[in-house]
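First the proteins, then the strands, lettered A, B, ... as listed; each starts at 1.
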Amino acid sequence: MSEPSTDAQAVETAEESLFDAPLMAEQERMVEAILFATADPVTVTELEGRMPHGCDPAEALAYLRKRYDGRGVSLVKIGDAWALRTAPDLGFLMQKETVETRKLSRAAVETLAIVAYHQPVTRAEIEEIRGVSVSRGTVDQLIELEWIRFGRRRMTPGRPVTFVVTQDFLDHFGLESARDLPGLQELRSAGLLESRPAPGMGDAVVDEDDDGSESDDDGDQSELFDET
Amino acid sequence: MSEPSTDAQAVETAEESLFDAPLMAEQERMVEAILFATADPVTVTELEGRMPHGCDPAEALAYLRKRYDGRGVSLVKIGDAWALRTAPDLGFLMQKETVETRKLSRAAVETLAIVAYHQPVTRAEIEEIRGVSVSRGTVDQLIELEWIRFGRRRMTPGRPVTFVVTQDFLDHFGLESARDLPGLQELRSAGLLESRPAPGMGDAVVDEDDDGSESDDDGDQSELFDET
Amino acid sequence: MSNATTFESDVSDRLAAEALIVDVDGFEGPLDLLLTLSRTQKVDLRQISVLALAQQYLAFIHKARDLRLELAADYLVMAAWLAFLKSRLLLPPDPSEDGPSGEELAAHLAFQLERLSAMREAAAKLMARDQLARDFFARGITEDVTRTRRVTYTATLLDLMQGYARIRTKDEFRPFVLDREKIFTMEEALGRLRGLIGFAGDWTDILSYLPDGWEIDPAKRRSATASTFAASLELAKEGKIEMRQGDVFSPIQIRKRDR
């Protein structure tokens, strides 16, 4: 086995010889191999589960990310998972690989954007923003694409179900998290992501704030829009 | 193996030379991206066809091979074509990849759905809702998957055992709690109910769902459907 | 000559009308139409004149009505609301009147338009991003080397929900079938009456024609009475029987009509 020594050398040159370099270099190789083998993003927990006991995939990922910086393939973060993706500037080489995607209707695109920027959002809120009713087919199509899914119920009368975007959505649009949506900050500071009730018809819509208090547990993206 | 050293020299000279170094580095990125994204091994001729005019994929492949030397992934030649493959010594990490996944049977999906929506629920109740008897294998399978488990015994004659869903179930289906499962009305409006019920029949069930949902205890959701 | 010109103007009118139809169809509801109209003001949506916008919208609707176009109800609802808003904005505020002021309503409308416009832009930006399998790509060769074959079972939330929906829909039909048991259809009543009427010599209460076993249960009795009555009307219309009722609420009697 000559690999360990070459690895050590490789890391020495790359990362200025860390004291635990061989071990970390090996971990980096493992993470690299696992990510290469799958098309879907892999979470740190999953990596931990598959790598030998005591490994620190998070650190290995950091090294690996640096290593792939500027390469034809890059390591990207998608939600709390990681994946290797080709560099976007090389897309022109891949016409062969491009799969013809169904063209989304304007209604579907707008509904998707509203779910992404306002999540968790109810159907009634989507309709309020677009000013027209949302057809069944539109929501159906977005669920089928696995770009949106049912989220938590809103703790308001009727307990309406909410919609949130999925990890597939983030992966598809190359987003690390829903926070990275283009223009999110500007929209928020302009107050355009608030659910403002129409004057004179208070209660029905106001409970938006209640939702914030409800979403104090971890994990969900809802708190994304409550903080700050 | 003498190639590596000569390659290393080649890389150095290429990278130091102002003229063709960036070009070759760029070609290497291109080859890397193509090999990464293509489903089959790629021949040099094919690479030539896909890359901009004047590129030398054979040389780029040599650099790339050197770059991946000793990594978790290696560039391998298969016949007269090239592919990136995970390093053979890391095969043990791929064991999870070799797991065969099968779709849950319809009976199991329905049983699981009933447990999720009606928990805690007895076997007799599941049978009543499905209209057919539930095989022992189905329940065993769901228990083995750790998606359902035994709940409290029902305080009725015979003290039948009940079934509830597990945390694993919630994790697998990305649910915060079983109460987040969408109701019939929501399934219908999302287009997930193929057959429409007879006029005037559907609402009754949905209303019950919504009524029950007002209660705010966080345990089970038996109250959701008990009135049915 | 004059005929020809009227004909020509007819054509141009019709073309204009058709263009408008296409236009109305092109809008996704009143808010979308308002947003498009607001573009003609060429100002930041925050500085938009809602009053001018309301007038534009009302003029648009008016024109559409002149051309006798079918307008969806929500366009008319919006028109009515904007007319109300316009009057609120033009008249001095009445302190005795409660409810939101014209300015508040106008501000909210401006907010809605700005938000819709912002979401449109956001949607466009989103779709303009590099997309998976179009601009960047996932691993082409995924390694599922079948070395150890351990079977796991998967199901998606969609499977689960569809499974449940399947059972519940099946369920919803069940009471429907049960309910039918208590319904005596008009066809059944007609068939029964046609068969029996030949044997009746004289005036007979229609209640005596109810089928056996349908007299006791109130629901069944009601259904059978109604359908028998309807069936006897049908037979009377066909000229097969005569009907009479002595007084209000007294028994209805029928007899075979001899030709």
Side-chain angles (χ1 to χ4, degrees), chain A residues 33 35-40 73-74 76 83-91 94 97-99 101 104 106-107 109-114 116-118 128-133 143-144 146 149-150 168 171-175 181-184 186-187 190-194 196-201, chain C residues 26-35 45-46 72 74-75 78 81 98-109 111-145 156-158 160-162:
Chain A
L35 292 182
F36 247 89
T38 46
D40 293 326
V73 169
S74 46
V76 294
L84 289 165
R85 298 283 180 254
T86 62
D89 66 307
L90 298 177
M94 311 296 171
E97 261 58 57
T98 315
V99 281
T101 44
L104 282 185
R106 175 174 157 181
V109 170
E110 280 181 26
T111 302
L112 179 65
I114 291 169
Y117 283 83
H118 291 256
E128 152 87 13
I129 293 168
R130 295 198 62 229
V132 279
S133 59
I143 290 179
E144 227 167 73
E146 296 191 50
R149 62 172 178 86
F150 289 107
D168 276 12
D171 193 9
H172 186 90
F173 291 98
L175 293 162
L181 285 164
L184 184 73
E186 294 88 315
L187 287 174
L192 292 172
L193 299 183
E194 293 162 18
R196 238 181 256 175
M201 40 184 299
Chain C
F27 291 114
E28 286 206 52
L31 211 53
D32 184 32
L33 173 55
L34 274 169
L35 190 58
L45 274 173
R46 261 167 271 197
D74 48 348
Y75 284 92
M78 178 61 92
W81 187 81
D98 48 343
S101 71
E103 278 72 24
E104 283 171 328
L105 293 173
H108 185 70
L109 180 61
F111 167 72
Q112 282 179 296
L113 290 174
E114 200 191 342
R115 185 172 58 179
L116 178 61
S117 161
M119 275 302 114
R120 295 242 161 109
E121 275 167 37
K125 274 189 212 156
L126 189 64
M127 299 315 284
R129 284 185 71 87
D130 289 334
Q131 290 181 38
L132 183 65
R134 194 191 72 181
D135 305 296
F136 60 95
F137 297 83
R139 180 71 167 131
I141 307 170
T142 52
E143 283 170 45
D144 26 35
V145 221
T156 65
L157 190 55
L158 203 61
L160 192 70
M161 294 186 304
Q162 275 170 340

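Proximity to chain A (any heavy atom under 4.5 Å) is restricted, for C/R129, to the side chain, taken from C-beta onward. For a residue to count as touching a neighbouring chain, one of its non-hydrogen atoms must lie under 4.5 Å from one of that chain's; by this rule A/I114 touches chain C with backbone and side chain alike. Residue A/A107 touches chain C through both its backbone and its side chain, counting heavy-atom pairs closer than 4.5 Å.
Top candidate by heavy-atom pairs under 4.5 Å with chain C, chosen from A/A39, A/S74, A/S133, is A/A39. The most heavy-atom pairs under 4.5 Å with chain A, out of C/L126, C/L109, C/L116, C/D135, come from C/L126. Put simply, of C/Q112, C/E104, C/E121, C/E114, the one with the most heavy-atom pairs under 4.5 Å next to chain A is C/E114. Between chain A and the residues C/K125, C/M127, C/M119, the most heavy-atom pairs under 4.5 angstrom are made by C/M119. By number of non-hydrogen pairs under 4.5 angstrom with chain C, the leading residue of A/T111, A/L175, A/V76, A/V73 is A/L175. Of the listed residues A/V132, A/V109, A/I129, the one with more heavy-atom pairs under 4.5 angstrom with chain C than any other is A/I129. Among A/A83, A/P182, A/A87, A/G131, the residue with the largest count of heavy-atom pairs under 4.5 Å with chain C is A/P182.
No donor-acceptor distance shorter than 3.5 angstrom exists from the side chain of C/R139 to the backbone of A/A37, with no hydrogens or angles considered.
Surrounding CD of A/E146 are at most 12 heavy atoms belonging to other residues, nucleotides or ligands under 6.0 Å away.
Cation-pi contact between A/R196 and C/F111: present, with separation from the ring centre below 6.0 Å and deviation from the ring axis of at most 45°.
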Check: What do the steps show when you test A/L184 against A/L193 for side chain to side chain contact (heavy atoms under 4.5 Å, CB included), and what is the final call?
Finding: CA-CA 9 Å; A/L184 184 73; A/L193 299 183; 3.7 Å; yes

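Taking 4.5 Å as the limit, some side-chain heavy atom of A/F150 sits within range of a side-chain heavy atom of A/I143. Taking 4.5 Å as the limit, every side-chain heavy atom of C/R115 sits out of range of all side-chain heavy atoms of C/L31.
To the nearest 0.5 Å, the span separating CG on C/D32 from CG on C/L113 amounts to 10.0 Å.
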